[in-house]
Amino acid sequence: MDVAADLDEALDLLLELGDVVELRPSGSEAPVWAAARGWDAFLGAISDEALREAQADPAGWLRTCADAPPSLRALAEAASRLVRRFEPSPALAPTPAAARERHVKARKHAQLGPLVEVARRRFPDASRVVDFGAGHGHLTRALLRELALPEALGVDWDAGRVARATELARAAARAGAVGPRFVHADASREERTLRRGDLVVGLHPCGALGDALVGRARDAGAHVLAVSCCFQKIGASAREASSARARRRGFVVPRHALGLANLSPESFEGSADVSAKQDGRRTRHALRALLEGRGLSLGPGDEARGVPKDRVRRGLAEIAELACRARGLTPPTPHELELAEARASVEHARVARFSLPRHALGRVLELAIVLDRACVLEEAGYEVEVAPLFPARVSPRNLGIVART
């Protein structure tokens, strides 16, 4: 594949529509970018029934909607054309790892299998596995076992996860297998030396860790096998480009816009469907309205501080109490909850309609970031491929970077 050409195609689209990516719609009026392009009347008039259909596949719906403005259909067509090249083949099925440990959940196991198979085919000469963001060490152990490597190292910043990974590795050793070693460190800053011939892996290294994985592997001349996620988890106010090619084109994405790359119209097995996700967004919108009614100034996503994700589905009353407690505020009154729900029911409907063009660009933004990382390696002379490694029902974050020195 031509990583640079694919990256250019994604950037052509994103840089032309930078204002759409960066400015999230509010509930009060049409976004400036929609009005400037003549999209506001069309988007604002979408029926409830059509909106439900559009939310399942924003780019696909917009490109085939005869009533959509031509420039909006063109955007959606360009996005769909690029994304289709990176869709999993219908024949792609989860490749089971050789043996499922009882500690590993079925969905995690379905992700391990394809990575083990790719590593077996593409990196038979790897001398060691180094797992960035190893967590409980499931991938580290699977690769060490299935590739019959003499050594594997897992690095994670969370001491609790490292302790659990070490415990599981010792259990494997007691069963007669050689266990990997795990260290407690920030893998993005860890100075432990990588070696040429290492296989540096990451199954969903979050945010800046994904960039660090690629950069450190390149500097060491190590192979790479990684699937990215959670691009917004960075310490800086924006994500700067990693590759020289993307830097020349000025590819910079503010942190508040990076969450767009996590959107997916398809849900993994066991997760909420599109309708449930919309209910969750409406509830969060109501929470934001309540907090703003208390006089708080909130940045994008700030309303969720102090609220675990799994609590959102329980409704506004519960998460509003949690959010207020986290800020040292008194619990919300029934009247406040009623006003916030009423405001959200009106505003969220507008936000959902005007968000369709942004959401049509979600996978394009994800592709651009993954291709930017891959281009770092291609520019260093690696043989690189970017491809979905497992179906979206296993995980929508399925784009793998497979790179040999």
Side-chain angles (χ1 to χ4, degrees), residues 23-31 43-44 46-58 61 229-233 255-360 362 395-397:
L23 182 60
R24 301 200 309 189
S26 68
S28 56
E29 57 188 17
L43 292 170
I46 293 174
S47 69
D48 290 345
E49 181 180 358
L51 178 63
R52 285 191 291 271
E53 182 181 349
Q55 287 173 324
D57 180 11
W61 187 84
C229 79
C230 299
F231 303 96
Q232 76 280 10
K233 292 186 178 180
R255 181 172 56 192
H256 73 260
L258 287 168
L260 181 63
N262 294 329
L263 294 181
S264 174
E266 188 165 355
S267 300
F268 61 80
E269 288 179 328
S271 72
D273 59 18
V274 171
S275 177
K277 288 179 179 178
Q278 290 304 319
D279 288 342
R281 289 174 185 150
R282 187 180 301 107
T283 301
R284 284 187 52 168
H285 194 112
L287 174 61
R288 186 179 188 86
L290 186 147
L291 294 174
E292 288 177 344
R294 291 281 187 100
L296 273 64
S297 178
L298 302 172
D302 286 351
E303 71 279 356
R305 181 167 64 86
V307 180
K309 287 183 179 179
D310 61 350
R311 297 291 189 92
V312 174
R313 66 175 179 269
R314 299 187 185 181
L316 178 61
E318 179 163 335
I319 67 169
E321 182 172 351
L322 291 172
C324 288
R325 185 188 307 160
R327 293 165 174 80
L329 302 174
T330 57
T333 66
H335 184 59
E336 282 182 298
L337 294 171
E338 183 180 349
L339 289 177
E341 292 273 22
R343 176 178 160 186
S345 67
V346 174
E347 292 185 352
H348 182 74
R350 290 178 58 81
V351 168
R353 286 165 170 78
F354 286 110
S355 291
L356 291 175
R358 290 188 79 246
H359 291 183
S395 171
R397 305 280 74 77

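The CD atom of Glu341 lies 10.5 Å from the CG atom of Leu287; values are rounded to the nearest 0.5 Å. Between the CZ atom in Arg327 and the CD atom in Glu303 there is a gap of 8.0 Å [rounded to 0.5 Å]. Atoms CG and CG, on Leu296 and Leu329 in that order, are 6.0 Å from each other to the nearest 0.5 Å. Taking CD1 of Ile319 as the start and CD of Glu321 as the end, the distance is 11.5 Å to the nearest 0.5 Å. Considering CZ of Arg52 and CD of Glu49, their distance stands at 6.5 Å, rounded to 0.5 Å. To the nearest 0.5 angstrom, Trp61 atom CH2 is 14.5 Å from His359 atom NE2.
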Between side-chain atoms of residues 304-317 and protein atoms elsewhere (two or more places apart, or another chain), which donor-acceptor pairs fall under 3.5 Å?
unit_1	atom_1	unit_2	atom_2	d
Arg311	NH1	Glu318	OE2	3.0
Arg313	NH1	Asp310	O	3.3
Arg314	NH1	Glu318	OE2	3.1

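Considering every non-hydrogen atom in both Arg397 and Asn262, the closest pair reads NH1-O, 2.7 Å.
By the 4.5 Å heavy-atom criterion applied to side chains, Arg358 and Pro25 are counted as neighbours. Side-chain atoms of Asp302 and Leu291, non-hydrogen and from C-beta on, never get closer than 4.5 Å to each other. With a 4.5 Å cut-off on side-chain heavy atoms, Cys324 and Pro331 do not count as touching.
Listed for the Arg288 side chain is a donor-acceptor partner under 3.5 Å among the backbone atoms of Leu298. Side chain of Arg294 to main chain of Leu290: no donor-acceptor pair is present (N/O by atom type, distance under 3.5 Å, no hydrogens or angles).
Arg350 is linked by a salt bridge (charged side-chain N to carboxylate O under 4.0 Å, His left out) to nothing, counting only residues two or more places apart in sequence or in another chain.
Within 6.0 Å of CD on Glu338 lie no more than 12 heavy atoms contributed by other residues, nucleotides or ligands.
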